[in-house]
Amino acid sequence: MSDPSPAVGGETPSRPRNSLRTAVVWEVLERALAARNAAVGTAGLDILDTGGGTGNFAVPVARLGHRVTVVDPSPNALFALERRAAEAGVADRVHGVQGDIHGLFDVVERGGYDAVLCHGVLEYVDDPADGVRNAVEALRPSGALSLLVAGLGGAVLARALAGHFTDARQALTDPAGRWGEGDPVPRRFTVDQLTGLVDKAGVDVGAVHGVRVFSDLVPGVLVDTQPGALEALLKLETAAAELPSFHSVASQLHVLGEKRA
């Protein structure tokens, strides 16, 4: 459901602005998968990408040598995934199946994966706790869980800076973190809410990252026209990502954890 385009192995993304949205998550994920691969000692990992859509994470992960199963409710997204994997030369390592997080075990096996990616999914499901439990149940013991969700604080800050002060206050008081009827995001999370879900599902939180702390607030023309601005902003995002003081204003929150043995 999320639509990032991470760089792989230091390559420049085809759409540079998108790197602002995914650089932090991709860097953390790449390190986590390398550590997990070293721990299990296999030629590659079995990865599950729930809501993986057209493969914007799945295909780069497969290019690292891992086997990726993408579960997504959209047939069109899965068709695009197949085409994208073929163009990248990893069609043999990427498998798409139609389904969703609530009916996950109708299409994949329990306990069959070294890592599960659940990016941009919990905002849209009826029961986020059930979604997290299913993601964890798909993991092997000590498997890695990567969760990426919409952050409440970033939305409040963005509405306030745009002059929509009533919307900003509404988001603060709404149980789902929505700023009004026109809000396209059904649910947003705080760090405490997200880590609480993860802990109850049997995962030890290893790291929390604030994603898009600044990039959604910086005028696009500045990034596109000022020499070196994109690289400098990427470095700033990376430096701020792990600082708790910035989590409360991030557009997205990323949690990386490990399933308890």
Between E123 and V121, is there a donor-acceptor pair closer than 3.5 Å when you use the side chain of the first and the backbone of the second?
yes
With side chain to side chain donor-acceptor pair (under 3.5 Å) as the test, would you mind laying out the steps for H102 and D126 before giving the verdict?
CA-CA 9 Å; H102 286 315; D126 294 333; 5.3 Å; no
Point-to-point distance, once rounded to the nearest 0.5 Å, from CZ of F105 to CG of N134
5.0 Å
Less than 4.5 Å apart, any side-chain heavy atom of V90 and any of R93?
yes
Taking C-beta and beyond as the side chain, do H119 and V25 meet within less than 4.5 Å on heavy atoms?
yes
Separation of E237 CD from E27 CD (nearest 0.5 Å)
12.0 Å
Rounded to the nearest 0.5 Å, how far does CG of L148 lie from CZ of F57?
7.0 Å
Approximate separation, where rounding is to 0.5 Å, of R178 CZ and R188 CZ:
8.0 Å
Can you tell me if CD on Q98 sees more than 12 non-hydrogen neighbours from other groups inside 6.0 Å?
yes
So D100 and Y124, do their side chains get closer than 4.5 Å, heavy atoms only?
no
May I ask you to test the N37-T42 pair for a side-chain heavy-atom distance under 4.5 Å?
yes
Over all heavy atoms of both residues, which pair between G177 and L152 is shortest? Give the atoms and the distance, please.
CA-CD1, 3.7 Å
Counting distance only, does the side-chain N/O of K259 pair as donor-acceptor with the main-chain N or O of V136 below 3.5 Å?
yes
For L81 and G55, which heavy atoms make the closest approach, and how far apart are they?
CD1-CA, 3.5 Å
After noting the C-alpha distance and the side-chain angles of H209 and V28, does the key distance pass the side-chain contact (heavy atoms from CB on, under 4.5 Å) rule?
CA-CA 9 Å; H209 305 93; V28 171; 3.4 Å; yes
So, taking the atom named CG in L48 and the one named CD in E109, what distance separates them when rounded to the nearest 0.5 Å?
10.0 Å
Out of curiosity, does F214 fall in the hydrophobic cluster containing L161 (side-chain heavy atoms, cut-off under 4.5 Å, transitive links)?
yes
Same apolar cluster: F189 and V156, side chain cutoff 4.5 Å
no
Starting from V185, can I reach L172 by hopping between I/L/V/M/F/W/Y residues whose side chains sit under 4.5 Å apart?
no
Mark yes or no for whether R140, through its side chain, and G112, through its backbone, hold a donor-acceptor pair below 3.5 Å.
yes
Hey, does L145 have a side-chain heavy atom less than 4.5 Å from the side chain of E258?
no
Tell me the closest heavy-atom pair linking A62 and V68, and the distance in Å.
N-CG2, 3.9 Å
Test side-chain contact (heavy atoms from CB on, under 4.5 Å) applied to L236 and L233, step by step:
CA-CA 5 Å; L236 177 61; L233 184 53; 4.2 Å; yes
So, for A144 and L139, which heavy atoms are closest and what is the spacing to 0.1 Å?
O-CD2, 3.3 Å
Can you tell me how far the CZ atom of R67 sits from the CG atom of D114, to the nearest 0.5 Å?
7.5 Å
Would you call D174 and R169 a salt bridge, using N to O less than 4.0 angstrom?
no
F79, CZ: over 12 other non-hydrogen atoms inside 6.0 angstrom
no
Hey, is D199 close enough to R260 for a salt bridge, meaning N to O under 4.0 Å?
yes
Using the rule given for side-chain contact (heavy atoms from CB on, under 4.5 Å), can you reason through R36 versus S142, listing the C-alpha separation, both sets of side-chain angles and the distance that settles it, and then say yes or no?
CA-CA 9 Å; R36 176 66 178 165; S142 300; 3.7 Å; yes
Test side-chain contact (heavy atoms from CB on, under 4.5 Å) on L117 and T50; report intermediate values, then the result.
CA-CA 6 Å; L117 316 185; T50 64; over 6 Å; no
Does any non-hydrogen side-chain atom of T69 lie less than 4.5 Å from one of I47?
no
Before accepting this row, confirm whether a basic side-chain N of the pair E137/R133 lies closer than 4.0 Å to the acidic partner's carboxylate O.
no
Any non-hydrogen side-chain atom of D49 less than 4.5 Å from a side-chain atom of V71?
no
If you take all heavy atoms of A88 and V59, which pair is closest and at what distance?
CB-CG1, 3.6 Å
Polar side-chain atom of T173 near backbone of Q170 as donor-acceptor pair, under 3.5 Å:
yes
Indicate the atoms forming the closest heavy-atom contact of A80 with T54, along with that distance.
CB-CG2, 3.7 Å
Is there a donor-acceptor pair closer than 3.5 Å between any side-chain N or O of D183 and the backbone N or O of W179?
yes
H247 side chain near V213 side chain, heavy-atom distance below 4.5 Å:
no
